[in-house]
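Reviewing the structure listed below.
Keep in mind that this is a model prediction, so the values were computed, not measured. Each residue takes its place number in the sequence, starting with 1.
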Amino acid sequence: MEYITIKDEIINEIEIEKSRFICHLKRVNNKEEADEFINKINKLHYKATHNCYCYSLYSPSYQKCSDDGEPQGTAGVPMLDAIKKANINNIVAVVTRYFGGIKLGAGGLIRAYTNAVSEALKVSNLLRVKEYTHYEIE
């Protein structure tokens, strides 16, 4: 088995129409680690308008995403699509939005959340992981 993931935890911020989008990326190995990271970011940014997330695991293959109150399909799915397009696995992304007073509309939200993840991935150090089966013979 072989897959690409990120080496280090990343925080990257972009501003769109006065709204702040803070993307947190972290390498994870399972659902529990992903959920723990999501909860950590929710506590850190508890005053934020939204904390949308997605994660993708390689083995066993599993994906999950949430719009956290944004219109359905405008945050979590576009974030997950950005990760899939980059072919990254065993990763969790949480994008925190602080609303700036200007509504972006569905298309604007999709672009904003996609860009938040894509820009964070651009500054990430990538890591190729190869998993091997270890055998011992006596």
Side-chain angles (χ1 to χ4, degrees):
M1 282 191 309
E2 181 176 305
Y3 61 90
I4 299 170
T5 189
I6 61 171
K7 186 175 182 181
D8 305 305
E9 188 173 324
I10 298 294
I11 301 171
N12 194 63
E13 182 174 336
I14 62 173
E15 185 174 315
I16 299 172
E17 298 290 342
K18 298 184 182 179
S19 284
R20 291 173 54 211
F21 292 86
I22 306 165
C23 183
H24 296 262
L25 300 178
K26 183 176 180 173
R27 181 177 66 196
V28 293
N29 294 311
N30 53 51
K31 296 176 194 178
E32 293 76 21
E33 286 181 15
D35 290 335
E36 183 179 304
F37 184 72
I38 293 163
N39 290 333
K40 174 185 162 187
I41 301 304
N42 282 336
K43 288 177 186 173
L44 180 66
H45 292 286
Y46 68 94
K47 289 186 178 182
T49 314
H50 304 281
N51 284 299
C52 305
Y53 69 84
C54 70
Y55 57 91
S56 178
L57 302 173
Y58 183 76
S59 179
S61 181
Y62 185 80
Q63 297 172 341
K64 184 176 180 180
C65 60
S66 167
D67 295 320
D68 190 40
E70 291 283 25
Q72 185 175 1
T74 60
V77 171
M79 291 167 57
L80 187 58
D81 286 344
I83 287 172
K84 287 170 42 180
K85 183 178 177 183
N87 198 30
I88 309 291
N89 282 287
N90 283 26
I91 186 171
V92 58
V94 181
V95 176
T96 300
R97 179 183 184 198
Y98 287 94
F99 183 62
I102 298 172
K103 292 188 177 189
L104 302 178
L109 287 172
I110 291 168
R111 283 187 298 278
Y113 282 101
T114 300
N115 288 342
V117 172
S118 296
E119 292 299 315
L121 287 171
K122 284 180 186 176
V123 298
S124 300
N125 291 319
L126 299 181
L127 180 68
R128 184 176 303 277
V129 176
K130 292 183 180 183
E131 292 184 0
Y132 296 96
T133 304
H134 180 76
Y135 295 98
E136 286 187 29
I137 300 173
E138 291 185 28

Give me the atom names and distance for the closest heavy-atom approach of N30 to L57. C-CD1, 3.7 Å
Quick note, ring pair (Phe, Tyr, Trp, His ring centres under 6.0 Å) partners involving residues 116-138, not counting sequence neighbours, are none
Contacts of K84 meeting side chain to side chain contact (heavy atoms under 4.5 Å, CB included) (sequence neighbours excluded), chain-then-number -> Q63, L80, D81
Report the distance from atom CG of L44 to atom OG1 of T96, rounding to the nearest 0.5 Å. 7.5 Å
I88-V28 co-clustered via ILVMFWY side chain contacts under 4.5 Å: no
Using side-chain hydrogen bond (donor to acceptor under 3.5 Å, both in side chains) as the criterion, list what pairs up with Y3, not counting sequence neighbours. N90
Side-chain contact, heavy-atom cut-off 4.5 Å: Y53 with H24? no
For L127, the side chain to side chain contact (heavy atoms under 4.5 Å, CB included) test, sequence neighbours excluded, returns T5, K7, R27, V129
Got a second to check how far M79's CE is from S66's OG, nearest 0.5 Å? 9.0 Å
Any residue meeting side-chain hydrogen bond (donor to acceptor under 3.5 Å, both in side chains) with E2, in chain and number order, not counting sequence neighbours: R128
Distance-only donor-acceptor hits, side chain of residues 32-41, under 3.5 Å, sequence neighbours excluded:
from	atom 1	to	atom 2	distance (Å)
E33	OE1	N29	N	2.9
D35	OD1	Y55	OH	3.3
N39	ND2	D35	O	3.2

How many angstroms lie between CD1 in I16 and CG in N115, if you round to the nearest 0.5 Å? 5.5 Å
Atom CZ in F99, atom NZ in K18: separation rounded to 0.5 Å? 11.0 Å
Is a donor on one side and an acceptor on the other found under 3.5 Å between the side chain of N51 and the backbone of H45? yes
Mind checking side-chain hydrogen bond (donor to acceptor under 3.5 Å, both in side chains) for K103 and listing every partner two or more places apart, or none if nothing turns up? none
If you compare all heavy atoms of C23 against all heavy atoms of A120, which two are closest, and at what distance to 0.1 Å? SG-CB, 3.7 Å
How many angstroms lie between OG1 in T49 and CZ in F21, if you round to the nearest 0.5 Å? 9.0 Å
Got a sec, which residues hit side chain to side chain contact (heavy atoms under 4.5 Å, CB included) with E17, two or more places apart in sequence or on another chain? I102, L104
Quick one: hydrophobic cluster around I137, which other residues, with the 4.5 Å side-chain cut-off, linked directly or via members? none
Residues that E70 engages under side chain to side chain contact (heavy atoms under 4.5 Å, CB included), provided they are two or more places apart: H50, C52, D67, T74, A75, R97, L109, Y113
For I14 and A112, work out which heavy atoms get closest and say how close. CD1-O, 4.0 Å
Sorted by chain and number, sequence neighbours left out, side-chain hydrogen bond (donor to acceptor under 3.5 Å, both in side chains) with E15 holds for none
Sub-4.5 Å side-chain heavy-atom contact between N89 and I4: no
same_hphob_cluster(I91, L126) at 4.5 Å side-chain heavy-atom cutoff: yes
Evaluate side chain to side chain contact (heavy atoms under 4.5 Å, CB included) for I10 paired with L121, printing each intermediate quantity in order. CA-CA 8 Å; I10 298 294; L121 287 171; over 6 Å; no
One pair to check against side chain to side chain contact (heavy atoms under 4.5 Å, CB included): N12 and L25. What are the steps and the verdict? CA-CA 9 Å; N12 194 63; L25 300 178; over 6 Å; no
Which pair of heavy atoms, one from G73 and one from I110, lies closest together, and at what distance? O-CG1, 4.0 Å
Using every non-hydrogen atom in the two residues, find where S118 and A82 come nearest and quote the distance to one decimal. OG-CB, 3.8 Å
Hydrophobic side-chain clustering at under 4.5 Å (ILVMFWY, transitive links): who's grouped with I11? Put none if nobody. I22, Y98
